[in-house]
Amino acid sequence: MAPIPSVEDLPHLANPLEDAKRTAAYRAVDENLNVETHKIIGIGSGSTVVYVAERIGQYLLDDKYTKFVSKFICIPTGFQSRKLILDNGLQLGSIEQHPVIDIAFDGADEVDANLQLIKGGGACQFQEKLVSTSSKLFIVVADYRKKSPHYLGTNWKQGVPIEVVPSAYVRVAHDLENLLGAKKAVVRQGGSAKAGPIVTDNNNFIIDADFGEIEDPKKLNIDIKLLVGVVETGLFIDNAEKAYFGNSDGSVEVQSN
Ligand SMILES: O=C(CO)[C@H](O)[C@H](O)COP(=O)(O)O
């Protein structure tokens, strides 16, 4: 028996930002996961959702919850999240087998006051969108830096991540700049870890398109989706139910519509 550690008694992590991420994730799980009624769980990608999987893994080890949590089927949003599920002893499933998800948790790059999101900093937004829009309840976990002071694009300056079919990247980048007014649309590179573009879990490329501050994310999302060659955008519209923002002082702000 390993009772679930209470959020208040946790030893500090290496830095306050990690503490903020962990507190947000643990509270999001504790306050939204219903072990008796939820069976199919979506697990997103990024550094904050690591603590979501960790918390659900703690429930699994607590005798009070084992019988429920051992029956959970967790649906990943990519390679990293598959590994998180397995490393925490949870059961892995696929969205083909479970197209309706009870609850999904994921991180975000920026969240506005209406709970519209930019996602895809980790290049997983297609599968993240597939999972979050297949979920009856979608909960965002983030640290305080992700809360937008105004429009999307105020804090997240890297641009809207857009997954594109590789052969269409020049055409899409051109259309983003010339038809939709992006200031810059660049194919994301692998950096020192890889020569050439990043290839997503679906074998596509990512274009980061800088639209500055985005006044109407709903319209922009539709406009981008209509471009030939676009697989999915990193604008998550009218999808999230709540966002948990962890602060470095240990407090958590919960935003809901
Ligand atoms: O969208 C994502 C990956 O594609 C991530 O959820 C987003 O980048 C947030 O990551 P982190 O929790 O590390 O800040």
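These values consider heavy atoms only, across backbone and side chains, with no hydrogens, waters or symmetry-generated copies. Treat the numbers as computed from the prediction; the structure is a model and nothing was measured. Each ligand, and each atom within it, is numbered from 1 in the order the structure gives.
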Exercise. Is N247 reaching over with its side chain to a backbone N or O of D249, donor-acceptor style, under 3.5 angstrom?
Worked result: no
Exercise. With distance as the sole criterion, is a donor-acceptor pair present between the side chains of Y59 and N88 under 3.5 Å?
Worked result: no
Problem set entry | SB check K39 D102 (cutoff 4.0 Å) | no
For this session: Check the surroundings of atom OH in Y169: do more than 12 heavy atoms from other residues, nucleotides or ligands lie under 6.0 Å from it?
Result: no
Exercise. Counting only heavy atoms not in K194, do more than 12 fall under 6.0 Å of its NZ?
Worked result: yes
Problem set entry | Flag for Y26-E54: side-chain donor and acceptor within less than 3.5 Å | yes
Seminar exercise, completed: Less than 4.0 Å from some atom of ligand 1, heavy atoms are found in residues S45, G46, S47, T48, D106, G107, A108, D109, K119, G120, G121, G122, A123, C124, E128, K146
